[in-house]
Amino acid sequence: MMRTRPLRVALLGCGVVGSEVARLMTTHADDLAARIGAPVELAGIAVRRPGRVRAGVPEHLVTTDAAALVAREDVDVVVEVIGGLEPARTLITSAFEHGASVVSANKALLAEDGPTLHKAAEKHGADLYYEAAVAGAIPLVRPLRESLAGDTVNRVLGIVNGTTNFILDRMDTQGSGYAEALDEATALGYAEADPTADVEGFDAAAKAAILAGIAFHTRVGLDDVHREGITEVTAADIASARRMGCTVKLLAICERAADGRSVTARVHPAMIPLSHPLASVHEAYNAVFVEAEAAGQLMLYGPGAGGSPTASAVLGDLVAACRNKLSGARGPGESAYSQLPVSPMGEVVTRYHVSLDVADKSGVLAQCALVFAEHGVSIDTVRQQGKEGVAGDASLVVVTHRASDAALSATVEALRRLDTVRGVASIMRVEGE
């Protein structure tokens, strides 16, 4: 039998995502009630600027007093889609203190202060759900946290930022320059007016911290994630990748060490073979590869951002939180029992593509190869050719076997000291093999 008293939801934020959450809650009210076992309705919508509320949002529910809204005794679940650290942190904490569960899409706050929020939720017997914080509509948090709870996840590798994937895809498939591709992404609404969080890798790093924490049952903070953006990726890098049968993607990579005693988390551009499934992820789409001991390789793919996709993930969490409210149960909390250390980037082992500007004369290749050998970095392939229209200069491209980041960095510093090396044009990791 369905309960007649509705479950009441406070919505914090009514932008692109929030307004879509409000719309779907209204248009799908009957279906949501049937799935939950009780009606669900909006108790209020907190905004900063009421004059900018989108069409179709019930005006009588709009308030600028978010603190009072989350403290109401009749609110069962708070949906937070305002983003940022404050006032989101204070509002979510207050919601827990007043007995409400929370559904959040706030990747920055979860990466920064996830353990504290989980502890507050547990203390007050509430739920904290955040599927929408990572990869939009793609079900990723719940499979890692619940479906694979009995397995051992060894690696999570993926494209988790649609803006950067769109830019790199345009540079690869249409020959666009970085600035041109960014302008197009902005015009299409994929990039913010200030794209720093996306193009410098901050957004992807926050998601990597969340994914690593869930996958490896250990606390991984934003400061633990090595981060590089895509602003230094050039047309020459894209062309070099193509000659190798690769493409360039901004990847979030979370790995368990071979001995199982530590983990790493990193975000950076990388070349991946065209044969790898992630190479076929185009436009602003996201995709994540999960490698587990028993399940093997799994790939989850779909739209990683946007109002409707993100709202879909929010509503999925809302249904789960409401069901738990009805039954008196709680969803999964933080699992950090492993307490594995996070290794520094210097210990990460991978392949590298190194492009050098060198003097075009005999003996240069042997001289450079000796430097690689002296630092224990084995060479897989090498290509040297003169620069068209530039007498006396050549380009030397070296692809290594697997080496540590520290060893490669020492090698590059030694190469810079050679008289025959005019400069290091680019260094890029090679992943997915």
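Given the structure is predicted, the values throughout are model-derived calculations rather than measurements.
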Worksheet item: With side chains defined as the heavy atoms from C-beta onward, is the minimum distance between Asp172 and Val248 less than 4.5 Å?
Response: no
Worksheet item: Taking it one step at a time, do Leu157 and Leu278 satisfy side chain to side chain contact (heavy atoms under 4.5 Å, CB included)?
Response: CA-CA 9 Å; Leu157 166 74; Leu278 290 178; 3.8 Å; yes
Fill in: Distance-minimising heavy-atom pair for Val78 and Ala100
CG2-CB, 4.1 Å
Discussion item. Strictly distance-based, threshold 3.5 Å: is any side-chain N or O of Ser338 a donor or acceptor partner for the main-chain N or O of Leu340?
Written reply: no
Practice prompt. Start with the C-alpha gap between Arg429 and Asp405, add the side-chain angles, then the distance that decides, and say whether salt bridge (charged side-chain N to carboxylate O under 4.0 Å, His left out) holds.
Written response: CA-CA 9 Å; Arg429 297 169 183 87; Asp405 187 82; 2.9 Å; yes
Worksheet item: Okay, side chain of Gln385, backbone of Ser395: is any donor-acceptor separation there less than 3.5 Å?
Response: no
Worksheet item: Does Arg170 reach the main-chain N or O of Leu182 with its side chain, forming a donor-acceptor pair under 3.5 Å?
Response: no
Worksheet entry | NZ or CZ of Arg155 within 45° of Phe289 ring axis and under 6.0 Å | no
Discussion item. Between Thr350 and Val430 (side chain of the first, backbone of the second, donor and acceptor by atom type, cut-off under 3.5 Å), is there such a pair?
Written reply: yes
Worksheet item: Parallel, tilted or perpendicular: which describes the rings of Tyr301 and Tyr285, with under 30° parallel and over 60° perpendicular?
Response: parallel
Worksheet item: Can you find a side-chain donor-acceptor pair between Ser240 and Arg243 that sits under 3.5 Å?
Response: yes
Worksheet item: Any side-chain donor-acceptor pair under 3.5 Å between Glu184 and Ser176?
Response: no
Item to complete: Give a yes or no on whether the backbone of Glu283 and the side-chain of Asp169 come within a donor-acceptor separation of less than 3.5 Å.
Response: yes
Fill in: Any donor-acceptor N or O pair under 3.5 Å, side chains Thr63, Asp65
no
Discussion item. Return the CZ to CG distance between Arg145 and Leu140, rounded to the nearest 0.5 Å.
Written reply: 11.5 Å
Worksheet item: Do the side chains of Asn286 and Val281 get nearer than 4.5 Å, heavy atoms only?
Response: no
Discussion item. Is it the case that the side chain of Glu293 and the backbone of Gly296 share a donor-acceptor pair, with hydrogens and angles ignored and the cut-off at 3.5 Å?
Written reply: no
Worksheet item: Which atoms form the tightest heavy-atom contact between Ala287 and Ile138, and what is the distance?
Response: N-CD1, 4.4 Å
Worksheet entry | Between NZ on residue Lys107 and NZ on residue Lys207, distance to nearest 0.5 Å | 5.0 Å
Fill in: Pairwise side-chain contact, Asp393 with Val358, heavy-atom cut-off 4.5 Å (strictly under)
no
Discussion item. Quick one, Leu109 with Leu85, criterion side chain to side chain contact (heavy atoms under 4.5 Å, CB included). Give me CA distance, side-chain angles, the key distance, then yes/no.
Written reply: CA-CA 5 Å; Leu109 179 57; Leu85 302 183; 4.1 Å; yes
Worksheet item: Taking Thr163 for the side chain and Tyr190 for the main chain, is one N or O donor matched with an acceptor at less than 3.5 Å?
Response: yes
Practice prompt. Quickly, which of Lys249, Arg266, Arg402 forms a salt bridge (Lys or Arg N to Asp or Glu O under 4.0 Å) with Glu431? Name it, please.
Written response: Arg266
Worksheet item: With a 4.5 Å heavy-atom cut-off, do Met25 and Leu318 have their side chains touching?
Response: yes
Discussion item. Quiz question: by atom type and distance under 3.5 Å, do the side chains of Glu347 and Thr264 form a donor-acceptor pair?
Written reply: no
Worksheet item: Does any non-hydrogen side-chain atom of Ile82 lie less than 4.5 Å from one of Leu91?
Response: yes
Fill in: Reported CE-to-CD distance for the pair Met428 and Glu232, which is rounded to 0.5 angstrom
10.0 Å
Worksheet entry | Donor-acceptor side-chain pairing of Asp237 and Thr234 below 3.5 angstrom | yes
Practice prompt. Side-chain contact test, heavy atoms from C-beta onward, threshold under 4.5 Å: evaluate it for Arg49 versus Thr64 and give yes or no.
Written response: no
Response to the item:
Between Pro273 and Ala279, the two heavy atoms sitting closest are O-CB, 3.4 Å
Item to complete: Compare all side-chain heavy atoms of Val398 with those of Cys368 and state whether any distance is below 4.5 angstrom.
Response: no
Response to the item:
Here the gap from Ser94 atom OG to Arg89 atom CZ, rounded to the nearest 0.5 Å, amounts to 14.5 Å
Discussion item. Can you give me the closest heavy-atom contact between Ala208 and Val225, atom names plus distance?
Written reply: CB-CG1, 4.2 Å
Fill in: Nearest-0.5 Å distance, CE of residue Met171 to CD1 of residue Ile230
7.5 Å
Fill in: Least distance between heavy atoms, Gly331 atom then Asn324 atom
N-ND2, 3.2 Å
Fill in: Closest non-hydrogen atom pair between Ser104 and Glu80, with its separation
OG-OE1, 2.6 Å
Item to complete: Calculate, to the nearest 0.5 Å, the distance between atoms OG and NE2 belonging to Ser426 and His353 respectively.
Response: 6.0 Å
Discussion item. With a 4.5 Å cut-off on side-chain heavy atoms, are Asp317 and Arg142 touching?
Written reply: yes
Worksheet item: Can we say Glu122 and Lys119 salt-bridge, meaning some charged N sits less than 4.0 Å from an Asp/Glu carboxylate O?
Response: no
Discussion item. Taking ring-ring contact (aromatic ring centres under 6.0 Å, His included) as the definition, give me every residue that meets it alongside Tyr178, ordered by chain and number, with sequence neighbours left out.
Written reply: none
Worksheet entry | Short side-chain to backbone donor-acceptor contact, Asp127 and Ala121, under 3.5 Å | no
